[in-house]
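Here the structure comes first, spelled out in structure tokens, and everything after it is commentary.
The analysis underlying the following values was restricted to heavy atoms, covering all of them including side chains, and did not include hydrogens, waters or symmetry mates. Just so it is clear, the structure is predicted and the values come from calculations on it, not from any experiment. Here is how names work: the chains are called A, B, and so on, in the same order as the sequence lines, proteins then strands, and each is numbered from 1.
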Amino acid sequence: MDEELHERMREIVASVPPGSVTTYGDVAAMAGAPSPRMVGKMLSEDGLDLPWHRVLRASGRPAEHIVHRQLELLRAEGVLADDGRINLRKYRWKP
DNA sequence: TGTCTGACGACCG
DNA sequence: ACGGTCGCCAGAC
């Protein structure tokens, strides 16, 4: 099992600064994950202590089950959604 | 082993 | 812009 990958994904998500967002795909690419799904999997089981709300789908929309909560947390950081969708060109984090 | 299931994404019409 | 489809890959059963 790859504990290393798990840690890299965690570190990347942890490093996304308040007021900006990233996507599952970006995190996967940066961490060298085989699929963006792995990022979602990691967050679902070990993401409570991470700024998981800063991770969106490539469309700029949050995953279905957490939409409300996520948009709420983002709004508190000044990341505003237009009809449920975040403008990635505006808020996307690029290290 | 074979199938199904996701906090996903690229492509296409 | 949207929805359908297909590829993806580790786990659960």
Could you work out, with side-chain hydrogen bond (donor to acceptor under 3.5 Å, both in side chains) as the rule, every residue matching A:Glu77, not counting sequence neighbours? A:His53, A:Arg54
Using a 3.5 Å distance criterion without hydrogens, assess whether the side chain of A:Asp82 forms a donor-acceptor pair with backbone atoms of A:Arg85. no
State which of B:dA7, B:dG9, C:dC9 makes the closest approach to the side chain of A:Thr23. B:dG9
Salt bridge (Lys or Arg N to Asp or Glu O under 4.0 Å) contacts in which one or both residues fall within residues 14-24 of chain A, not counting sequence neighbours: none
Pairwise C1' distance, B:dA7 and C:dC13 [rounded to whole Å]: 22 Å
A:Asp46 CG to B:dA7 P: how many Å, rounded? 16 Å
Side chain of A:Ala58 - closest among C:dC9, B:dA7, B:dA10: B:dA10
Rounded interatomic separation in angstrom, taking NE2 from A:His6 and P from C:dA10: 15 Å
Given atom CZ of A:Arg57 and atom P of B:dG6, what is their separation to the nearest angstrom? 13 Å
Once side-chain contact (heavy atoms from CB on, under 4.5 Å) is applied, do any residues pair with A:Thr22, and if so which ones, sequence neighbours excluded? A:Val16, A:Asp26, A:Val27, A:Met30, A:Val55
Got a sec, which pairs hit side-chain hydrogen bond (donor to acceptor under 3.5 Å, both in side chains) with one end in residues 55-71 of chain A, sequence neighbours left out? none
Using atom names, set out every protein N or O paired with an N or O of nucleotides 1-7 of chain C below 3.5 Å, distance rounded to 0.1 Å.
| unit_1 | atom_1 | unit_2 | atom_2 | d |
| --- | --- | --- | --- | --- |
| C:dG7 | O6 | A:Arg37 | NH2 | 3.4 |

Protein-nucleotide distance (A:Met42, atom CE; B:dG6, atom C1'), rounded to Å: 15 Å
Could you state the CZ-C1' distance from A:Arg54 to B:dA7, rounded to the nearest angstrom? 17 Å
Could you state the NE2-C1' distance from A:His65 to B:dG6, rounded to the nearest angstrom? 9 Å
Partners passing side-chain hydrogen bond (donor to acceptor under 3.5 Å, both in side chains) against A:Arg8 (at least two apart in sequence or in another chain): none
Looking at residues at least two apart in the chain, or sitting in another chain, which of them share a side-chain hydrogen bond (donor to acceptor under 3.5 Å, both in side chains) with A:Asp46? A:His6, A:Arg10
From A:Ser20 atom OG to A:Leu88 atom CG, the distance as rounded to the nearest 0.5 Å: 11.5 Å
Can you sort out which residues in residues 15-22 of chain A have a heavy atom within less than 4.0 Å of DNA chain B? Ascending by number, please. none
When you match A:Met38 and A:Leu56 each to their closest nucleotide on DNA chain B, which lands nearer the 5' end? A:Met38
Take atom OH of A:Tyr24 and atom C1' of C:dC9, then tell me their distance rounded to the nearest Å. 17 Å
What's the separation between atom CG in A:Leu74 and atom CG in A:Leu56, rounded to the nearest 0.5 Å? 6.0 Å
Minimum-distance nucleotide (side-chain atoms of A:Lys41 versus B:dA7, C:dC9, C:dG11): C:dG11
